[in-house]
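Chain identifiers are assigned alphabetically (A, B, ...) following the order of the sequence lines, protein sequences preceding nucleic acid strands; residue numbering begins at 1 within each chain.
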Protein chains: 2
Amino acid sequence: MTKVQAADLLRRNGIKKTRQREAVVRILAEAQAPLSVDSIHVRLRHKDDSVNLSTIYRMLEVLLEKGLVEQMHHPLGSKFTYVLSAYGHSHHLTCTRCGVSTRMDSCPVTTALGQLEASHNFHITGHRLEVFGVCAACKSK
Amino acid sequence: MTKVQAADLLRRNGIKKTRQREAVVRILAEAQAPLSVDSIHVRLRHKDDSVNLSTIYRMLEVLLEKGLVEQMHHPLGSKFTYVLSAYGHSHHLTCTRCGVSTRMDSCPVTTALGQLEASHNFHITGHRLEVFGVCAACKSK
DNA sequence: ATGTAGATGCAAATGCATTGCATTTGCACT
DNA sequence: AGTGCAAATGCAATGCATTTGCATCTACAT
């Protein structure tokens with residue numbers, strides 16, 4: 001995502017534009033997988049674009065309220081991770097050896113949940129699915 | 001679960017029997033849903049069977065190693081919760097209003113995952129599904 | 001009954017996340 | 001372009017959940 005596109009996303013959503021916010025959005029946009037606050041922080045430092053940790057937390061809070069990111073627990077550790085929800089509803093395959101998550105291109109459960117809704121008298125508003133295993137790369141080692 | 005049954009479970013798994021450990025196992029056995037460490041602690045106090053928090057943490061660590069409990073993030077908060085895995089592989093419906101989780105009696109995804117495995121070249125070893133919504137009780141309010 | 005490895009309680013340490021406050025900055029208005 | 005002000009930032013302090021070090025106690029084998 002270019003600097004301009006990041007600035008656009010902020011303006012369109014009524015979020016005041018700052019160097020820090022643009023930078024965070026760009027990191028999220030470039031990422032192929034959910035990122036922890038810490039890894040966002042590290043990636044920013046590598047770009048010599050340092051942003052304070054609290055600022056990142058506060059920025060993510062804003063993005064959450066606006067529904068622009070999804071927050072989830074890292075499936076193996078105990079931190080939260082974040083993805084731009086522009087990428088849409090998605091699930092991940094997490095490798096238990098290397099810890100890397102990759103996006104699934106489709107959701108394998110939506111159909112199954114309709115039945116569930118009826119049988120449990122529960123109004124379903126969302127779900128989260130995490131799948132664990134060993135990725136192709138780790139298998140070949 | 002009776003005191004005797006709890007003691008049995010410990011002995012069968014080569015875990016030294018103590019008042020505290022029996023008590024924790026019984027709380028877990030009686031629970032209908034995953035419990036946080038804190039709520040285990042509170043339930044124990046109500047029974048006048050107080051156990052130190054560290055002891056509960058350490059006990060759960062032991063049970064985890066032996067595969068006797070499953071650990072998961074509380075889907076809404078940021079604590080871990082634990083269920084006896086004797087209850088088998090299961091998923092939960094969590095009410096976003098009252099926070100209560102109830103067990104699903106079946107797993108709606110196992111079949112779907114077979115296909116996934118092939119299409120992503122990923123050896124699947126496990127999965128976790130959380131479903132959110134509004135429970136019957138909260139709906140009627 | 002007794003010795004010992006392991007379990008417990010307590011307090012302090014850790015790790016992630018949040019918050020209070022002084023300072024800075026973006027932006028609307030002139 | 002200059003000015004004012006609300007909002008954003010950085011830093012340090014704080015809040016929780018969890019973990020750890022250590023002195024004491026206890027279950028269990030002998």
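Here the C1' atom of nucleotide C:dC16 and the NE2 atom of A:His73 are 12 Å apart, to the nearest Å. Look at CZ on B:Phe80: it is 13 Å from P on D:dA17, rounded to the nearest Å. We find that CG of A:Leu53 is positioned 19 Å from P of D:dT14, with the value rounded to whole Å. If you measure from atom CD1 of B:Ile15 to atom P of D:dA27, you get 16 Å, rounded to the nearest angstrom. Atom NE2 in A:His41 sits about 11 Å away from atom C1' in D:dG10, given to the nearest Å. Going from atom CD1 of B:Ile56 over to atom P of C:dC10 covers 12 Å, rounded to whole Å. If you take CG of B:Leu64 and C1' of D:dT18, they are 13 Å apart, rounded to a whole angstrom. Rounding to whole angstrom units, CG of residue B:Asp38 and P of D:dG15 are separated by 17 Å.
A ring-centre distance under 6.0 Å is found for B:Phe80 and B:His73.
Across the interface with DNA chain D, nearest-nucleotide mapping of B:Thr81 and B:Lys16 shows B:Thr81 to be the residue nearer the 5′ end. Map A:Met59 and B:Tyr82 each onto its nearest nucleotide of DNA chain D; the residue landing nearer the 5' end is A:Met59.
At C:dT25, none of the side-chain N or O atoms of A:Gln20 fall inside 4.0 Å of OP1 or OP2 (strictly under the cut-off). Between B:Asn52 and C:dT8 there is no side-chain N or O to OP1 or OP2 distance below 4.0 Å. Residue B:Ser78 places none of its side-chain N or O atoms closer than 4.0 Å to OP1 or OP2 of D:dA17.
Within the 4.5 Å cutoff, the side chain of B:Val83 has no heavy atoms near those of the B:Leu35 side chain.
Of the listed nucleotides (D:dA17, C:dT8, C:dT18), C:dT18 has the atom at the smallest distance from the side chain of A:Tyr57. The side chain of A:Ser54 has C:dT18 as its nearest neighbour among C:dT18, C:dA17, C:dG6. Taking every side-chain heavy atom of A:Thr55 into account, D:dG10 is the closest of D:dG10, C:dT8, D:dT18. Nearest nucleotide to the B:Arg19 side chain, out of C:dG9, D:dT18, C:dG26: C:dG9. The B:Val51 side chain lies nearest to C:dG9 when the options are C:dG9, D:dT9, C:dC16.
One finds a salt bridge joining B:Glu30 and B:Lys47 here, because a Lys/Arg side-chain nitrogen approaches an Asp/Glu carboxylate oxygen to under 4.0 Å. The pair B:Arg19-B:Asp49 counts as a salt bridge, with a side-chain nitrogen and a carboxylate oxygen less than 4.0 angstrom apart.
Side-chain N/O atoms of B:Ser36 and B:Asp38 include no donor and acceptor closer than 3.5 Å.
Side-chain atoms of B:Arg58 and base atoms of C:dG6 include no donor and acceptor less than 3.5 Å apart. Below the 3.5 angstrom threshold, one finds no donor paired with an acceptor across the side chain of A:Arg11 and the base of C:dG26.
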